[in-house]
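A quick write-up on the structure given underneath.
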Amino acid sequence: MKIGLLTSGGDCPGLNAVIRGAVLKGVISHDTEFVGFRWGWRGVVERDIVPITRHDVRGLARQGGTILHSSRTNPFEGELGGPENIQRTLDEHGIDAIIAIGGEGTLTAARRLYDEGGIKVVGVPKTIDNDLAATDYSFGFDTAVEIATEAIDRLRTTADSHGRCMVLEVMGRHVGWIALHSGMAGGAHAILIPEQPQSIEQICEWVESVRSRGRAPLVVVAEGFTLPGMDEPHSHKGLDAFNRPRLGGIADVLAPMIEERTGIESRATVLGHIQRGGEPSAYDRVLATRLGMAAVEAVYDEAWGSMVTLRGTDIRTVSIAEATGSLNTVPQSRYDEARILFG
């Protein structure tokens, strides 16, 4: 059997570990042949295909990024896009199945290709946001939280030096898991997430409470957070390939509002793509490797249109439709738990 691998959408720590796990499992257990589609779905559409051998994945688990590169490409667009053209490409290159490693957009596209064209595809969930339903955790999330927590620790010392309010913006389009976990780990004085809109008055109340104790306030905000009255999250960077707004900049909106209302000098820091870069944590390396190995088994089980997932400590298989049908949002109880620590 020949399997094609691709990494699509935003990159994250652990992608290379998935590739390594899949290739080693396939070669050792099934004598599988592997190829990679470079630049995600774009490589499928443009037929940018490279062989992947066991030699190519040596020592790959610890490397950040992806050796196959990535892009935000819609596989239904372009002259060679769509299920019929993609199936023709697979047939011409003798590729029996695709393992698509990606997040919501990537897996939604994979599901459509299977539903509308019968493309033999298995998904591996990838998102630092941890926003995919049907999996308890996705690889990349743990590393992103570690990076954000380190940023909080560093911002705290400079904030204390000047008595400033620091507003740190982390990723989180629809859900606030990174903000919640890093904020709790770093001892943030307020955590703002998409699931819980807060008024500027409430935010300033928390900030002033911190100042009254002689501390420098530190606020962590997810990029998808909205203030009451905002119809959608702050965005000024246009749309991606799936016509979704490129988010970012809510910290730059909040910091001057806080300073104006409280008189506390405030600074915004947007962490951005730093959260996606660098070596994956040990946890993410292990999880990504296990998911890659399980994806190969799902291919041999002919579990098309499915996705490997983490449930508790076990790796299981669920339908992609189940994974992309809803978001893994922060429950009210988890936010209430953290909110006790605010101010």
Side-chain angles (χ1 to χ4, degrees), residues 1-8 14-63 65-70 75 83 85-102 106-107 109-111 113-114 117-126 135 139 280 284-311 313-320:
M1 179 178 287
K2 181 187 285 189
I3 298 176
L5 301 170
L6 66 87
T7 54
S8 185
L15 287 171
N16 281 327
V18 177
I19 295 170
R20 174 179 175 272
V23 170
L24 291 182
K25 177 65 175 181
V27 170
I28 293 171
S29 298
H30 302 287
D31 197 27
T32 310
E33 181 181 356
F34 287 91
V35 296
F37 295 100
R38 299 176 75 246
W39 306 106
W41 287 119
R42 193 171 86 192
V44 178
V45 173
E46 299 181 357
R47 303 182 178 183
D48 190 350
I49 304 171
V50 294
I52 305 178
T53 66
R54 182 172 181 175
H55 175 80
D56 295 322
V57 301
R58 290 191 305 178
L60 203 58
R62 65 178 178 270
Q63 294 183 25
T66 164
I67 60 170
L68 292 177
H69 306 290
S70 186
N85 289 326
I86 289 175
Q87 185 61 61
R88 188 176 302 114
T89 296
L90 299 181
D91 293 340
E92 290 176 358
H93 290 83
I95 300 171
D96 299 291
I98 295 175
I99 294 178
I101 311 163
T106 299
L107 295 179
R111 183 187 68 183
L113 289 172
Y114 170 70
I119 300 298
K120 296 178 178 179
V121 61
V122 169
V124 177
K126 176 278 313 173
T135 187
F139 68 88
D284 281 339
R285 297 182 199 188
V286 173
L287 176 57
T289 300
R290 295 180 70 200
L291 290 172
M293 296 172 69
V296 171
E297 288 303 309
V299 168
Y300 277 91
D301 290 341
E302 298 185 353
W304 313 127
S306 71
M307 179 191 91
V308 291
T309 180
L310 179 70
R311 289 287 178 84
T313 58
D314 298 327
I315 304 295
R316 300 180 182 176
T317 303
V318 299
S319 70
I320 294 178

Would you mind reporting whether Tyr114 and Ile320 have side-chain heavy atoms less than 4.5 Å apart?
no

For a quick test of reading the model, state the closest non-hydrogen atom pair linking Val122 to Ala298 and the distance between them.
CG1-CB, 3.9 Å

Main chain of His69, side chain of Arg38: is a donor-acceptor contact present, judged purely on distance under 3.5 Å?
no

Output for pair (Arg316 CZ, Met307 CE), nearest 0.5 Å, gives 12.5 Å

Val299 and Trp304: side-chain contact (heavy atoms from CB on, under 4.5 Å), yes or no, with the steps?
CA-CA 7 Å; Val299 168; Trp304 313 127; 3.9 Å; yes

Report yes if some heavy atom in the side chain of Leu60 is under 4.5 Å from a heavy atom in the side chain of Val23; otherwise report no.
no

Does any non-hydrogen side-chain atom of Phe37 lie less than 4.5 Å from one of Ile49?
yes

Would the number of heavy atoms belonging to other residues, nucleotides or ligands and lying under 6.0 Å from CG of Asp314 be above 12?
yes

Would you indicate whether the side-chain heavy atoms of Thr317 and Ser306 approach each other to under 4.5 Å?
yes

Do the non-hydrogen side-chain atoms of His93 and Val35 ever get within less than 4.5 Å of each other?
no

Heavy-atom closest pair (Ala100 atom, Trp41 atom, distance to 0.1 Å) is CB-CZ2, 4.0 Å

Would you mind reporting whether Arg290 and Val286 have side-chain heavy atoms less than 4.5 Å apart?
yes

Taking all atoms of both residues into account, what is the closest heavy-atom pair of Arg285 and Ala17, and its distance?
O-CB, 4.0 Å

Just by distance, with hydrogens left out, do Thr32 and Tyr300 show a side-chain donor and acceptor under 3.5 Å apart?
yes

When rounded to the nearest 0.5 angstrom, what distance separates OG1 in Thr89 from CZ in Arg47?
3.5 Å

Rounded to the nearest 0.5 Å, how far does CG of Leu24 lie from OG1 of Thr289?
8.5 Å

Do Thr106 and Ile101 come close enough that some side-chain heavy atom pair is under 4.5 Å?
no

Measuring from atom CD of Glu92 to atom CD of Gln87, what distance do you get when rounded to the nearest 0.5 angstrom?
10.5 Å

Might you work through the side-chain contact (heavy atoms from CB on, under 4.5 Å) test for Leu291 and Leu287, ending with a clear yes or no?
CA-CA 6 Å; Leu291 290 172; Leu287 176 57; 4.0 Å; yes

Check against side-chain contact (heavy atoms from CB on, under 4.5 Å), Thr7 and Lys126:
CA-CA 9 Å; Thr7 54; Lys126 176 278 313 173; over 6 Å; no

Count the heavy atoms of every other residue, nucleotide or ligand shown that sit under 6.0 Å from CZ of Arg62, and state whether that count exceeds 12.
no

Between the CD1 atom in Ile19 and the CG atom in Leu6, the distance rounded to the nearest 0.5 Å is 9.5 Å

With side chains defined as the heavy atoms from C-beta onward, is the minimum distance between Val308 and Pro125 less than 4.5 Å?
yes

All heavy atoms of Pro83 vs all of Gly117, minimum pair found to be CB-CA, 3.6 Å

Out of curiosity, Ile52 CD1 to Glu33 CD, how far, rounded to the nearest 0.5 Å?
11.0 Å

Closest heavy-atom pair and its distance - Gly36, Leu68:
CA-CD2, 3.8 Å

Does Asn16 reach the main-chain N or O of Gly65 with its side chain, forming a donor-acceptor pair under 3.5 Å?
yes

Verdict with reasoning, Leu310 to Phe139, per side-chain contact (heavy atoms from CB on, under 4.5 Å)
CA-CA 10 Å; Leu310 179 70; Phe139 68 88; over 6 Å; no

Nearest heavy-atom pair of Gly94 and Lys2: which atoms, and what distance?
O-CB, 3.4 Å

